[in-house]
Amino acid sequence: MASNGAKQPLLSGLVDPASQIINECHRNRRRIRHVKSPPLAESVPSDTSGNGPIPCCGSFWGGLHQSLKKVALLLAVYLGLGTICFYAVRDDIKGKKTNPILDSVYFCIVTMTTVGYGDLVPNSALVKLLACVFVFVGMALVGLILSKAADYLVDKQEILLIKALHKHEKPGPAASLKEIETSKVKYKCYLALAILSVLMLVGTVFLYMVEDLNIIDAFYCVCCTITTLGYGDKSFSTGGGRLFALFWMLTGTIGLGLLFLYIAELFTESRQRTLVHWVLTRKTTNLDLEAADIDDDGVVGAAEFILYKLKEMGKISQEDIALVMEEFEDLDVDQSGTLSDSDITPAQSTQMKK
């Protein structure tokens, strides 16, 4: 490229080498499959404190397991404090009661899931204020559980679900992984729907057999519970029923929340795929070439074209490109428009000193 300003070497370093690499990849497609991975220590992101890389714990599942343990700990603390508080003010809670400790935990769960049957209600200013605090904290905790536990449960079952859906086929490992990647949200919806259906069936059978409700009222109570509608005309009134409700109510409401979350995600992903398909199939015009020509030299290189298409697809934004370019400029110590060991080594030394 001809030099036409201080910015030209930087653009030259971005476009030309990238174009050469892409062209080389087209000539050597088989070699791409054997590209070395980046060094593990450099590819692991640092923690929020900046004190070093986050431990891998052996695998992705190890790290996710630790996250689930934190959520479980928060849930235990919430239920423990709620039980103690509501047990202490149990005389100011009116309604049909069974065991004091069981009723305290039950009231805490009903409050957390926002079901609000009305079979146990606050009867003093103190308990009403306490319930207000616990309902907001409980809703936040439910959201945290949705974001942490859901992905763990779904990812654990994805491969088994694919095998069940394609039990008459024998796809190879690569084909299975590709299908998981392209249809991940769809399988999440399937699994969330299956889990919710099982929970509704179990709840209906339990209410019919233990709470002595007829089958319609049992199903009606299940629907009112998992949607957190909670009219209160039908609820868990026995000690055994409330003990069952401690676990079933929490998993049922979270299960429905997961299903709606994945349905929304499925529609979003579908719109994104439609946009990508439109971008990749529509004809390129002269206006597209003008917009893709970053350095205004009348020629669009491979790197420029890729950046333009990614922006059209919504994969990256101009702000993303600007941030990456800023990092490139910071690393390009000698202002040559390219990066080499002579640029990276001083930058690493500066980061270590910090």
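Just so it is clear, the structure is predicted and the values come from calculations on it, not from any experiment. Only this structure's heavy atoms are used, side chains among them; waters, hydrogens and symmetry mates stay out.
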Item checked: Beyond-backbone contact of I226 with L199, side-chain heavy atoms, under 4.5 angstrom -> no

Notebook entry, point to check: With sequence neighbours left out, what residues match D320 under salt bridge (Lys or Arg N to Asp or Glu O under 4.0 Å)?
Noted result: none

Margin query: Using 0.5 Å steps for rounding, measure from the OG atom of S197 to the CG atom of L201.
Written below: 8.5 Å

Margin query: Can a donor-acceptor pair be found, under 3.5 Å and without considering hydrogens, that links the side chain of E304 to the backbone of G301?
Written below: yes

Notebook entry, point to check: Does V142 share a hydrophobic cluster with V135, counting links as ILVMFWY side-chain heavy atoms below 4.5 Å and allowing steps through other members?
Noted result: no

Next item on the list: First locate atom CD1 of I195, then atom OH of Y190, and finally report the distance between them rounded to the nearest 0.5 Å.
Entry: 15.5 Å

Next item on the list: Step through the shown structure and confirm whether more than 12 heavy atoms of other residues, nucleotides or ligands are within 6.0 Å of OH on Y208.
Entry: no

Next item on the list: Quick one: closest heavy-atom pair of L196 and G255, and the distance?
Entry: CD1-C, 4.2 Å

Margin query: Would you say that I93 contacts N123 through its side chain, given a criterion of any heavy-atom pair below 4.5 Å between the two side chains?
Written below: no

Notebook entry, point to check: At what distance, to the nearest 0.5 angstrom, does CG of L193 lie from CG of L256?
Noted result: 10.5 Å

Notebook entry, point to check: Where do K97 and F107 land on the side chain to side chain contact (heavy atoms under 4.5 Å, CB included) test, with the steps shown first?
Noted result: CA-CA 10 Å; K97 300 181 180 180; F107 184 75; over 6 Å; no

Next item on the list: Any chance you could measure L144, atom CG, to K70, atom NZ, to the nearest 0.5 Å?
Entry: 10.5 Å

Margin query: For a quick test of reading the model, state the closest non-hydrogen atom pair linking T204 to A218 and the distance between them.
Written below: O-CB, 3.5 Å

Notebook entry, point to check: Is there any salt bridge (charged side-chain N to carboxylate O under 4.0 Å, His left out) pair reaching into residues 275-286, and which pairs are they, with sequence neighbours excluded?
Noted result: R282-D288, R282-E312

Notebook entry, point to check: What heavy-atom pair brings C189 and L259 nearest, and what distance separates the two atoms?
Noted result: O-CD1, 3.9 Å

Notebook entry, point to check: Does I109 share a hydrophobic cluster with V133, counting links as ILVMFWY side-chain heavy atoms below 4.5 Å and allowing steps through other members?
Noted result: yes

Margin query: Quick check: is V115 connected to V121 through a chain of hydrophobic side chains (ILVMFWY, heavy atoms under 4.5 Å apart)?
Written below: no

Item checked: pair L246-L102: side-chain heavy atoms closer than 4.5 Å -> yes

Note to self: Would you say that Y231 contacts C221 through its side chain, given a criterion of any heavy-atom pair below 4.5 Å between the two side chains?
What the structure shows: no

Notebook entry, point to check: Is M325 reachable from L323 through a run of I, L, V, M, F, W or Y residues, each pair having side-chain heavy atoms under 4.5 Å apart?
Noted result: no

Note to self: Quick one, L120 and Y106 - any side-chain contact, counting heavy atoms below 4.5 Å?
What the structure shows: yes

Next item on the list: Check the pair T111 / C108 against side chain to side chain contact (heavy atoms under 4.5 Å, CB included), numbers first and verdict last.
Entry: CA-CA 5 Å; T111 302; C108 188; 5.8 Å; no

Notebook entry, point to check: Are V137 and M112 side-chain neighbours, meaning at least one heavy-atom pair lies under 4.5 Å?
Noted result: no

Next item on the list: Report yes or no: does S235 contribute a side-chain atom to a donor-acceptor pair with the main-chain N or O of G232 at less than 3.5 Å?
Entry: no

Next item on the list: Please report the shortest heavy-atom distance between G241 and F236, naming the atom on each side.
Entry: O-CD2, 3.3 Å

Next item on the list: Please round to the nearest 0.5 Å and tell me the distance separating atom CD1 of I263 and atom CG of L258.
Entry: 11.0 Å

Item checked: Residue pairs, two or more places apart or on separate chains, that pass salt bridge (charged side-chain N to carboxylate O under 4.0 Å, His left out) and touch residues 233-249 -> D103-R242, D119-R242, D217-K234

Item checked: Side chain proximity check, L250 to T113, heavy atoms < 4.5 angstrom -> yes

Checklist line | Point-to-point distance, once rounded to the nearest 0.5 Å, from CD1 of I215 to CE of M209 | finding: 10.5 Å

Check: Do the side chains of L207 and L229 join up, straight or via other hydrophobic residues, at under 4.5 Å, putting them in one cluster?
Finding: no

Sequence neighbours excluded and cut-off under 3.5 Å, please list the side-chain donor-acceptor pairs for residues 73-90, or say none.
residue	atom	partner	partner atom	Å
Y78	OH	F134	O	2.7
T83	OG1	L79	O	2.6
R90	NH1	Y87	O	2.8

Margin query: For C223, give me all partners under side-chain contact (heavy atoms from CB on, under 4.5 Å), at least two apart in sequence or on another chain.
Written below: M200, F219

Check: Does T238 have any side-chain hydrogen bond (donor to acceptor under 3.5 Å, both in side chains) partners at least two apart in sequence or in another chain, and if so, which?
Finding: E211

Note to self: Less than 4.5 Å apart, side chain to side chain, heavy atoms only: is that true for E290 and D293?
What the structure shows: no

Next item on the list: Evaluate whether atom CG of N286 has more than 12 neighbouring non-hydrogen atoms of other residues, nucleotides or ligands under 6.0 angstrom away.
Entry: no

